[in-house]
S.K.: 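Have a look at this one before I ask anything.
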Amino acid sequence: MNETLAIVIYVVIALAVVGSVAALLVRTRRTPKGMYPTTRDANDPVTGAGAHAAGTDVLDAPPAETDVVVPDDLRDLEPAPAPVPEAPALETPDPVQGRLARLRARLSKSNNALGKALLALLSSDKIDEDVWDEIEETLLLADLGTEPTMELVDALRERVKISGSRDPQEVHQMLREELIKVVDPTMDRSLATARHADKPAVVMVVGVNGVGKTTTVGKLARVLVAEDKDVLLGAADTFRAAAAEQLATWGQRVGVPTVKSDVDGADPASVAFEAVKAGIDGEVDVVLIDTAGRLQNKVGLMDELGKVKRVIEKQAEVDEVLLVLDATTGQNGLMQAKVFSEVVNITGIVLTKLDGTAKGGIVVAIQRTLGVPVKLIGLGEGADDLAPFEAEGFVDALLS
């Protein structure tokens, strides 16, 4: 029994000694903190300050952790301000006088064949019936019209007979004076764009398809802005694709707002009504209403044009109804003008494209036929190629 107890005690002591030795061996082989556990390769960079001969590098201490506080509720955080778009630069329309000078110069270059032909005939050494026939034919080809042509030829016959002169300067002066008479400088060519006491002036622009009504409205807005008038545009051409956007673009260039419908094929009378209402509320000086092009022989479309005018007049008087005519259509323009004048009571004519193949005499023919003055002329595609019509300036351009 005593021998068995002694053996157990010896075994326990032996196990305790072995455990102590094993623990000591493990402690001596542990890699110091911050040391690589293996030998560094030859191409590994030495990064630590504790590198030693055994080839073991000291690891850099890891960066201290930074606490980031994320709020549970983001409602109190202010969003970054949205970038403010730059306002488009507004164009400055040319003054009226500058336009007149430029248009007069262009007209003299494109239409002076009429004046030169007449001066050549009237300055010839012998003016017989054949010469007068040529003068008459020249005037008719210039779209002057039969009645004005006969009046002009008769007046020139009488003056040449009395004076007996063939001097080019005297003949030029006689021709100038007689042409001014048939163009009629006594007609009132001013635009009724003065604001009323509590309402704006309202101008409707009408015409057949393709004569440039929308472009004319945009150019007219520039003319009025150059006169320091506050203008609003109404896009009542709701049938032609992109007509409203085209008009709005014209307005944006000079800082003029446009009232238009977002619905394709909207009622044009409704759009015109809203435009005039906005003009009254905004206390503007002039409201310009663009209308859809329509053929003069389409009764339904012409009746609709009359409706647009009547709807506008429920809240404001229509001060001007301007008929836009393409001067190159010649006598066909007269047929259009007659029908439009019966439907909406035309108060003025805008002649576009009065260059190239257009004949200057169409101005006289239209005025004589309708008893309505040509108030504006356009001679090109430029933004400022529209100007008030002047009888004397027009004749001087033809004879220059």
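For the single chain, residues carry numbers from 1 onward in sequence order.
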S.K.: Salt bridge (Lys or Arg N to Asp or Glu O under 4.0 Å): which pairs involve residues 192-205, sequence neighbours left out?
M.R.: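 Not a single pair qualifies under salt bridge (Lys or Arg N to Asp or Glu O under 4.0 Å).
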
S.K.: Report the distance from atom OG1 of T352 to atom NZ of K213, rounding to the nearest 0.5 Å.
M.R.: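 Answer for the OG1-NZ pair, T352 versus K213, is 10.0 Å.
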
S.K.: Is a donor on one side and an acceptor on the other found under 3.5 Å between the side chain of T291 and the backbone of V205?
M.R.: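 Here the side-chain-to-backbone pair exists.
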
S.K.: Under a 4.5 Å cut-off applied to non-hydrogen side-chain atoms, are V171 and M174 in contact?
M.R.: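 Yes - at least one pair of side-chain heavy atoms lies under 4.5 Å apart.
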
S.K.: First locate atom CG of D154, then atom CH2 of W132, and finally report the distance between them rounded to the nearest 0.5 Å.
M.R.: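 Between D154 CG and W132 CH2, I get 9.0 Å after rounding to 0.5 Å.
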
S.K.: With rounding to the nearest 0.5 angstrom, report the CD to CG distance, Q252 to L247.
M.R.: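 One finds 10.0 Å between CD of Q252 and CG of L247.
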
S.K.: With T214, which residues qualify under side chain to side chain donor-acceptor pair (under 3.5 Å), at least two apart?
M.R.: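 With sequence neighbours excluded, T214 shows a side chain to side chain donor-acceptor pair (under 3.5 Å) to R240, D290, given in chain and number order.
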
S.K.: State, yes or no, whether a side-chain contact exists between L325 and I349 at a heavy-atom distance under 4.5 Å.
M.R.: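 With C-beta onward as the side chain, the pair touches.
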
S.K.: With a sphere of 6.0 Å drawn around CD of E177, does it hold more than 12 non-hydrogen atoms of other residues, nucleotides or ligands?
M.R.: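 Counting neighbours around CD of E177, more than 12 heavy atoms of other residues, nucleotides or ligands fall under 6.0 Å, so yes.
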
S.K.: Spell out, yes or no, whether V203 and V311 are grouped together once hydrophobic residues are joined by side-chain heavy atoms under 4.5 Å, including indirect joins.
M.R.: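 Not linked; separate clusters.
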
S.K.: Just grab all the salt bridge (Lys or Arg N to Asp or Glu O under 4.0 Å) pairs involving residues 242-251, residues at least two apart or on different chains.
M.R.: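 Counting only pairs at least two positions apart or across chains, no salt bridge (Lys or Arg N to Asp or Glu O under 4.0 Å) contact touches residues 242-251.
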
S.K.: Could I get the full list of side chain to side chain contact (heavy atoms under 4.5 Å, CB included) partners for P148, not counting sequence neighbours?
M.R.: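 Per chain and number, P148 pairs via side chain to side chain contact (heavy atoms under 4.5 Å, CB included) with L144, V364, R368.
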
S.K.: Give a yes or no on whether the backbone of L152 and the side-chain of E178 come within a donor-acceptor separation of less than 3.5 Å.
M.R.: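 Not at all, since once roles are kept as given, no pair shorter than 3.5 Å links the two residues.
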
S.K.: Between G207 and L323, what is the shortest heavy-atom contact and its length?
M.R.: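 Looks like CA-CD1, 3.8 Å.
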
S.K.: Check each of L232, I312, V271 against V276 using the side-chain contact (heavy atoms from CB on, under 4.5 Å) test, and report the only one that passes.
M.R.: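 That would be I312.
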
S.K.: So which atom in R189 and which in P373 form the shortest heavy-atom distance, rounded to 0.1 Å?
M.R.: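 Smallest interatomic distance, heavy atoms only, reads NH1-CB, 3.8 Å.
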
S.K.: What is the minimum heavy-atom distance between A192 and A201, and which atoms define it?
M.R.: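 Reported closest heavy-atom pair: O-CB, 3.7 Å.
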
S.K.: Quick one: CZ on R310 to CG on L305, what's the gap to the nearest 0.5 Å?
M.R.: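 That separation rounds to 9.5 Å.
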
S.K.: Between D128 (side chain only) and V131 (backbone N and O only), is there a donor and an acceptor less than 3.5 Å apart?
M.R.: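 Checking the backbone N and O of V131 against the side chain of D128, a donor-acceptor pair under 3.5 Å is found.
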
S.K.: With sequence neighbours excluded, tell me which residues meet side chain to side chain contact (heavy atoms under 4.5 Å, CB included) with A244.
M.R.: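 With sequence neighbours excluded, A244 shows a side chain to side chain contact (heavy atoms under 4.5 Å, CB included) to A235, K260, given in chain and number order.
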
S.K.: Can we say R176 and E392 salt-bridge, meaning some charged N sits less than 4.0 Å from an Asp/Glu carboxylate O?
M.R.: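 Salt bridge flag = yes for E392 with R176.
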
S.K.: Salt bridge or not between K307 and D303? Use side-chain N to carboxylate O under 4.0 Å.
M.R.: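 Salt bridge between K307 and D303, a charged N being under 4.0 Å from a carboxylate O: no.
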
S.K.: Please name all residues satisfying side chain to side chain donor-acceptor pair (under 3.5 Å) with K229, sequence neighbours left out, ordered by chain then number.
M.R.: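 Partners of K229 by the side chain to side chain donor-acceptor pair (under 3.5 Å) criterion come out as none, since no residue qualifies.
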
S.K.: Output yes when a side-chain donor or acceptor of E136 lies under 3.5 Å from a complementary backbone atom of T149, and no otherwise.
M.R.: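 Judged by distance alone, no pair lies under 3.5 Å.
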
S.K.: Distance check, rounded to the nearest 0.5 Å: L370 atom CG versus I346 atom CD1?
M.R.: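 One finds 8.0 Å between CG of L370 and CD1 of I346.
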
